[in-house]
Amino acid sequence: MAGKVFLQMENISMTFPGIKALNNVRLDVREGEVHALMGENGAGKSTLIKILSGVQKPDVGSKILVDGKEVEFSGVSDSIKHGINAIHQDLSLFPNLSVAENIYLGRSKNGKVNWKECTKIAEEAIEVLGITMDVQEQLSNLSIAKQQLVAIARAISFKSRLLIMDEPTATLSFSEVRMLYSIIEKLKKQNIAILFISHKLDEVFEVSDRVTVLKDGEYVGCKDIKELDENRLVQMMVGRSVAYKALNDVSYAGNKILEVKNLSKRGNFKDISFALHKGEILALTGLVGAGRSETVKALFGLNPPDSGEIYLNGKKIDIKNVSQAIHNKIAFIPEDRHEEGLILAMSMKDNITLPILKRILTPLRFINRKEVDKSAENYVEKLSIRPSQINKLARNFSGGNQQKIAVAKWLITKPDILIIDEPTHGVDIASKTEIHKLLKELAKEGMAIIMVSSEWQEVFALSDRVLVMRHGRIVHEDNTATGNQDLMMEKAILGGN
Amino acid sequence: MKKILEKRETGVFLILLLLCFGLSLYSPSFLSYTNIKNVLVNSVPVGIMAAGMTIVLITAGIDVSVASQMMFSATWLAIFSQNSPIANPVTVLILALVLGAITGAINGFLIAAFSIPPIIITLGTASIYRGIILVYTNGRWIMNIPKWFTALGKTYYNIPLPIIYAIIIFMITAWILKHTYFGRSVYAVGGNENAARYVGVNIKKTIFLTYFYSGLLCGFAGFVLDAILGNCQPSGSNGWEMNAIAAAVIGGTNILGGSGSVIGTVIGVAMMGVIENGLVVAHIPTYWQKLVYGLIIIATVTFDVLRRNYADSKKQMIEIDQEA
Amino acid sequence: MEKLRKRFTLHEMVLAGAFLLIFLIGACSNENFLSIRNILSLFQQMSEMGIMAMGLTIVIITGGMDLSAGTTMGLCAVTSGLCLTKGLGVVPSLIISLGVAVLCGAMNAVLVAIIRIPPMIATLGTQMFFLGAALVLSKGNSISGIPESFYFLGQAKIFGMPLQMLLLFGLAIFLMIMLRNTVTGQHIYAIGNNMKAALFSGIRTKHVLFYSYIMCSVMCCIAGNIQVSRVATARADMGSAFLMTCISAVVLGGTSINGGNGGIVGTVVGIMIFAMIGNIMNLVGISSFWQQLATGSILVLVVVFNRMIEMQKYKVKSRKV
Amino acid sequence: AEEEYTIALIPQQVGIPYFETSNVWGTKAGEDLGCEVIYTGPTSGDAAAQANIVQDMITKGVDCIAISPLDASAIEPVLKQAKEEGIKVITWDSDVTDTSLREAYVNCCSEKVLGEHLMQRFAEYMGEEGEYAIITSVLTAQNCSAWAKYATEYQEANYPNMTRVAYEPCDDDQSKAYAITQNLMTAYPELKGVLGVTTPAPPAAAQAVGEAGKNGEIVVTGVVEASAAKSYLEDGSMQEANIWHPGKLGYLAVYTAKTLLDGGEITDGMDVPEVGVVEVKDDQIIMTELLDITTENVDDFDF
Ligand SMILES: Nc1ncnc2c1ncn2[C@@H]1O[C@H](COP(=O)(O)OP(=O)(O)OP(=O)(O)O)[C@@H](O)[C@H]1O
Ligand SMILES: Nc1ncnc2c1ncn2[C@@H]1O[C@H](COP(=O)(O)OP(=O)(O)OP(=O)(O)O)[C@@H](O)[C@H]1O
Ligand SMILES: [Mg+2]
Ligand SMILES: [Mg+2]
């Protein structure tokens with residue numbers, strides 16, 4: 001089955017100011033194989049991909065060989081010429097351009113744009129995916145999932161020999177992931193190689209043939225998938241085994257703390273009703289775009305509803321803005337930690353203490369710096385944020401640790417109700433386990449948690465109760481431990497009745 | 001039809017029509033050939049600069065040195081046309097483009113090579129270009145530009161040449177934006193710089209070319225200005241860069257980059273010209289003119305932004321299952 | 001050297017270098033430059049611009065811009081000029097003028113924070129609006145006959161030092177503390193860095209924006225009243241000529257035009273640099289046209305030089321490791 | 001030449017042809033009389049900037065400040081300082097409100113006289129009837145506003161058949177003055193004349209009138225230098241330019257400064273070299289009568 005070696009990378013090193021992101025890494029990819037690239041957050045996966053696609057130049061001494069011949073990529077167009085195309089981690093698309101142009105861009109090099117060809121190429125690419133879409137539509141009008149599909153269409157529309165996908169499934173829901181698998185199968189048959197990055201182990205085992213593992217910028221090894229099981233893969237990545245076991249000791253027992261009745265907002269959600277108890281983890285799940293984020297934002301005053309009532313400890317309350325939510329001891333951790341969660345250019349301690357500055361003033365109403373340090377250190381220890389330098393800028397932490405900072409930032413407000421949107425999005429398995437443990441502990445201490453998640457594994461492992469949303473409505477409610485998991489998934493995809 | 005209504009330019013165009021309609025009711029001479037011609041001809045220099053500004057704004061940049069660049073070109077052209085034995089329409093035009101190319105290239109180089117925010121560089125170069133001509137001329141005006149030069153700014157058979165120039169520039173610019181690789185790269189860079197890098201767009205080159213092109217147009221605008229006025233005032237045209245920016249933004253160009261169109265800018269330029277003309281034609285008392293002008297700009301932009309926000313909020317709606 | 005490098009950012013050192021260089025040039029080129037009276041009059045001249053630039057700094061840190069700062073100053077100047085000549089006392093006049101400033105700032109803030117027009121464009125509109133209002137109020141005349149009781153603000157000396165200089169430093173210290181040590185200050189930086197994250201952190205972004213724009217207008221108002229007092233006249237066009245220099249000084253001082261970082265000290269140094277250039281040229285007797293050229297060149301040189309060192313540093317490091 | 005005096009000649013704004021002519025002649029006077037003349041002023045019409053320049057001149061320790069104040073009262077506080085420092089202050093071109101602050105005022109003619117003269121000449125071409133407009137510099141420019149005011153008052157008192165329909169600022173920008181004239185012709189189809197009270201306005205207005213083919217139908221006169229007016233006078237789009245000799249005014253300012261520094265005095269009927277006979281009234285030194293420049297005599301002037 002394995003074809004001849006298409007690409008070899010040897011002695012790849014990459015130095016950023018103050019950090020060696022890659023150190024003598026190697027990688028080889030064969031024709032027609034699906035090759036997974038694994039590693040913890042910050043291991044250097046994306047950096048390797050950027051080098052491979054000509055976005056960044058590696059240090060001297062690094063060698064890249066295509067078909068056995070050494071090549072040098074001085075720009076993205078060079079790598080495209082060699083048949084290497086990439087779908088990068090953060091959606092790299094142009095919101096103001098049409099679908100067709102997003103797919104076409106970067107092709108015409110003689111200076112002129114051929115619009116007929118542009119439409120044709122785009123339509124063909126969309127057809128290959130087996131979906132329908134108006135290619136003249138402006139990209140920003142599409143849902144995130146569809147945008148991700150456009151990115152995939154774009155990459156396969158080039159006559160690629162190697163297709164790189166950096167976490168392509170992070171923003172896709174269940175059914176689209178299935179579709180992606182079948183596309184990958186198709187491409188394999190055409191002898192196209194695929195380099196695949198994901199933090200989801202089940203995915204890796206499902207689609208890939210071989211796995212290369214990186215750790216802290218170093219090459220750990222390359223193995224045939226058949227030689228591995230989950231445990232051994234994790235061992236390679238983390239250096240120790242991480243027991244990922246379901247934490248399903250039901251803790252939910254407390255009083256009803258929050259009750260939501262018939263919350264509606266035009267174009268967002270309709271007739272949302274549920275109750276939340278002290279010490280409970282309530283999962284809100286469904287497909288991407290089901291309206292979950294909009295619903296929880298409404299509870300945090302970011303998206304005031306048109307109608308409906310919210311009761312806190314039996315008393316009717318109004319939440320029209322964030323301040324009111326905070327006043328009622330509700331905290332919200334948004335799903336996009338870069339765009340919405342953290343202030344990346346500020347230090348870790350300033351990020352963590354931002355929501356409580358008003359509580360730590362000196363008598364002259366200045367900020368009490370000592371108190372800031374103390375609170376930050378306290379949470380660094382509680383959440384084992386690494387490295388534990390409280391003055392380090394948030395942007396210099398790896399993804400998992402950034403997520404922990406975001407969690408700390410809201411825990412410090414000592415909320416009664418914690419709303420957390422996609423708690424482990426893009427987080428590696430070790431950090432994920434830590435975050436899960438933490439949430440469970442908090443629940444045990446009596447905090448009520450609403451967790452929005454698209455990952456079934458996470459939902460089943462962590463929550464006490466599940467609400468399934470579809471097209472802005474709650475279509476199913478069940479107890480996680482006793483409920484029928486297949487039924488929940490079916491409800492999410494097919495909806496009511 | 002629905003597409004046209006959705007376009008950003010449409011709203012402002014409607015306001016423009018409304019304004020024109022109101023003014024023509026007030027004063028019949030507003031719609032006369034002469035008046036329309038005057039409004040348009042006087043808008044040509046700003047219009048040409050605004051065309052370049054549109055491209056700059058689409059890349060999420062800004063060029064506050066356009067007025068200085070235009071006067072830089074206009075001043076040297078006036079001096080050259082008066083004193084040089086080889087001065088003729090062709091050499092003057094070439095010189096205009098060369099001067100614009102130089103100032104534009106300096107801007108483009110400094111911004112692209114050092115990746116410094118464009119507003120800082122152009123703020124600096126604006127003083128430099130203006131300072132050079134003022135120091136050289138000692139602020140003196142250059143009077144009596146030769147007849148053959150001003151003949152290039154006149155009207156023949158009821159067709160004003162400056163308007164022809166403007167139409168050509170607008171068409172070239174629109175064509176560049178729509179049909180060239182550079183033009184599409186401009187949208188790409190402004191919409192998502194990282195993504196543009198990933199698809200192989202040369203960011204530095206695109207940014208350099210953007211300011212270079214803006215400079216070229218400023219050089220040409222200096223040529224047109226001299227031809228129309230017949231004199232050159234090195235200290236003149238102060239603050240026109242803001243007019244050019246305002247025209248582009250009123251015409252729907254996003255000042256944060258990523259979107260905009262030449263046709264919109266044309267509407268924006270016409271809008272500014274009509275307001276300025278209308279204030280006099282409508283006999284607005286002198287002391288009130290600036291106030292009314294400011295109010296109209298604020299109202300137009302507010303209307304446009306509210307309309308866009310509304311459109312965006314509609315876009316983000318999800319379909320809610322009605323049964324269940 | 002190492003210690004210096006730790007204490008100060010690169011830009012601060014480059015800026016200090018430029019400052020010292022110009023200072024030295026001044027000291028060498030004219031014996032009067034270093035005289036106490038020249039230094040004092042330098043401060044007297046720059047304080048209006050300095051105060052306006054400090055106001056702009058706040059707005060720019062929030063990621064905004066206030067192109068109407070100059071005409072706000074003119075409008076406030078005309079307002080207090082009119083009140084004073086109509087026989088109102090000094091205090092009521094100042095209060096009314098401050099009230100106008102608050103209204104101006106609030107108008108900008110409404111457009112920027114609530115309607116969400118990009119600040120550049122919103123304030124371009126209000127720039128004309130405020131100028132128009134000032135012209136309507138003053139009918140274009142310069143308002144003279146300001147009562148002598150008002151002269152203290154721009155002409156009085158305390159222990160030999162001009163009052164406005166003390167005011168400049170007082171306000172600078174106040175704003176520094178405000179930005180560095182108060183909740184509002186932290187929130188201003190947070191907004192400039194990431195508006196969305198700030199909103200999600202429970203920062204009342206609209207309140208902070210209102211505060212910033214109003215603060216800026218109030219600074220313009222203070223500058224305007226100082227000028228009215230200094231020249232004993234109020235005119236609608238006061239301050240209009242300041243705007244570009246002030247923005248340049250803020251940028252020169254190291255405040256990022258995209259918001260999120262920067263500070264008052266840099267701005268004050270930036271204004272001092274520009275004021276010294278003008279002063280030296282006047283003392284040496286160089287045409288004012290050179291000033292424009294010099295101002296622009298300094299801005300470009302400092303920014304480019306700073307950037308070149310930065311790039312050099314980056315290269316060296318990546319090669320060494 | 002050991003004891004060379006330094007005289008600061010400060011115009012309202014540098015870069016305006018009018019003041020640049022004063023500069024040339026003033027500098028020449030400095031050479032003739034053996035003293036150093038520093039010509040410097042604000043680059044825009046900013047009254048505070050002019051005050052700063054005066055302050056720097058005081059610091060520099062000049063012997064005399066000869067200033068054309070942008071604003072009659074805004075400059076007074078710094079002139080007071082100058083006086084306290086023992087620096088001689090004279091004004092030229094325009095005056096300050098508090099006349100005790102300066103030793104002498106080198107006057108071309110008063111704002112009232114010029115304003116009325118402008119209107120007299122303008123009205124003659126207008127045939128003392130019809131609609132007319134005035135174009136001024138910026139609305140805050142004091143001398144231009146005053147000329148316009150006196151002209152208008154004179155018209156109201158003497159020419160009842162004339163009506164002023166518009167009063168527009170051109171911001172001292174000729175392209176704006178040009179556009180405004182065009183706009184005025186549209187807005188007021190009956191318009192019979194344009195009076196420009198700032199130097200960029202009359203040529204720009206004449207150009208607009210000429211292009212509209214209305215030479216002679218619409219009268220254009222106003223304050224403008226001979227060199228700028230020449231081609232428009234010749235093609236008939238401008239009727240007359242009314243101005244004094246700005247160069248001689250500059251020369252006289254420097255001459256007066258030097259004389260006062262030497263402890264001398266300018267007396268009535270004195271014949272000043274290059275300038276001619278001057279009239280002295282109290283502390284005002286009045287140069288000559290106004291020049292009315294037309295096609296016939298335009299070539300006699302070198303400014
Ligand atoms: N531009 C940069 N400047 C400085 N450091 C960087 C830069 N880009 C990446 N790094 C660092 O390089 C390391 C590798 O980052 P990379 O993005 O390749 O990780 P990754 O394996 O893709 O992680 P994730 O799973 O979170 O996507 C990290 O420590 C990161 O902080
Ligand atoms: N068809 C669509 N077109 C445009 N935007 C869409 C569409 N579908 C969903 N969205 C986006 O999704 C939002 C509603 O979904 P919401 O984000 O609440 O879903 P979610 O279930 O939380 O999904 P996610 O996992 O993406 O957060 C809308 O505000 C919109 O931004
Ligand atoms: Mg990555
Ligand atoms: Mg969501």
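Below, chains carry the letters A, B, ... as their sequence lines are ordered, and counting in each starts from 1.
D:Y167 touches chain B through backbone and side chain together, each having a heavy atom under 4.5 Å away. Heavy atoms of B:L279 lying under 4.5 Å from chain D are absent altogether. When heavy atoms are compared at a cutoff of 4.5 Å, B:N42 approaches chain D solely by way of its side chain, counted from C-beta outward. Of the atoms belonging to B:E276, heavy atoms from both backbone and side chain fall under 4.5 Å from chain D. Interface remark: B:K290 contributes side-chain atoms only to the contact with chain D (heavy atom separation under 4.5 Å). For D:Y232, the part sitting under 4.5 Å from any heavy atom of chain B is the side chain, from C-beta outward, and nothing else. At a 4.5 Å heavy-atom cutoff, D:K230 makes no contact with chain B through either its backbone or its side chain.
Per-residue heavy-atom pair counts under 4.5 Å with chain D were compared for B:L225, B:V281, B:T137, and the maximum is reached by B:V281. With chain D as partner, the option from B:S27, B:S235, B:S29, B:G278 having the largest number of non-hydrogen pairs under 4.5 angstrom is B:S29. The candidate with the highest count of non-hydrogen atom pairs below 4.5 Å against chain D, out of B:M143, B:R140, B:Q233, is B:Q233. Of all the listed residues (D:D172, D:N23, D:D171, D:D173), the one sharing the greatest number of non-hydrogen pairs under 4.5 Å with chain B is D:D173. Looking only at heavy-atom pairs under 4.5 Å with chain D, the residue among B:W240, B:Y26, B:F30 that has the most is B:W240. The residue among D:A212, D:P189, D:A228 with the most heavy atom pairs within less than 4.5 Å of chain B is D:A228. Contacts with chain B were tallied for D:A166, D:A204, D:P169, D:P200; D:P200 has the most, counting heavy-atom pairs under 4.5 Å. Ranked by heavy-atom pairs under 4.5 Å with chain D, the list B:N231, B:L134, B:T155 is led by B:N231. Ranked by heavy-atom pairs shorter than 4.5 Å toward chain B, the options D:P203, D:S231, D:S175 are led by D:S175. With chain B as the partner, the residue from D:A208, D:S227, D:A179 showing the most heavy-atom pairs under 4.5 Å is D:A179. The greatest number of non-hydrogen atom pairs below 4.5 Å with chain D, out of B:A282, B:G273, B:S237, is found for B:S237.
Residues D:Y39 and D:E20 form a side-chain contact, since some pair of their non-hydrogen atoms from C-beta on lies under 4.5 Å apart. The shortest side-chain heavy-atom distance between B:Q69 and B:D63 falls under the 4.5 Å cut-off. No side-chain heavy atom of B:L40 sits under 4.5 Å from any side-chain heavy atom of B:P160. Residues B:T125 and B:T103 have side chains not in contact (no heavy-atom distance under 4.5 Å, counting atoms from C-beta outward). Between D:I134 and D:F122 the shortest side-chain heavy-atom distance does not fall below 4.5 Å.
Taking the six-membered ring for Trp, B:W141 and D:Y18 have ring centres at least 6.0 Å apart.
Atoms CD1 and CD1, from B:I250 and B:I15 in turn, are 9.0 Å apart once rounded to the nearest 0.5 Å. Atom CH2 in D:W92 sits 4.5 Å away from atom CG in D:L9 (nearest 0.5 Å).
The aromatic rings of B:F223 and B:F220 sit parallel to each other, their planes meeting at less than 30°, with 60° as the upper class boundary.
A donor-acceptor pair under 3.5 Å is formed between the side chain of D:Q207 and the backbone N or O of B:I228. Judged purely by atom type and a 3.5 angstrom limit, D:E129 has no side-chain atom pairing as donor or acceptor with the backbone of D:M162.
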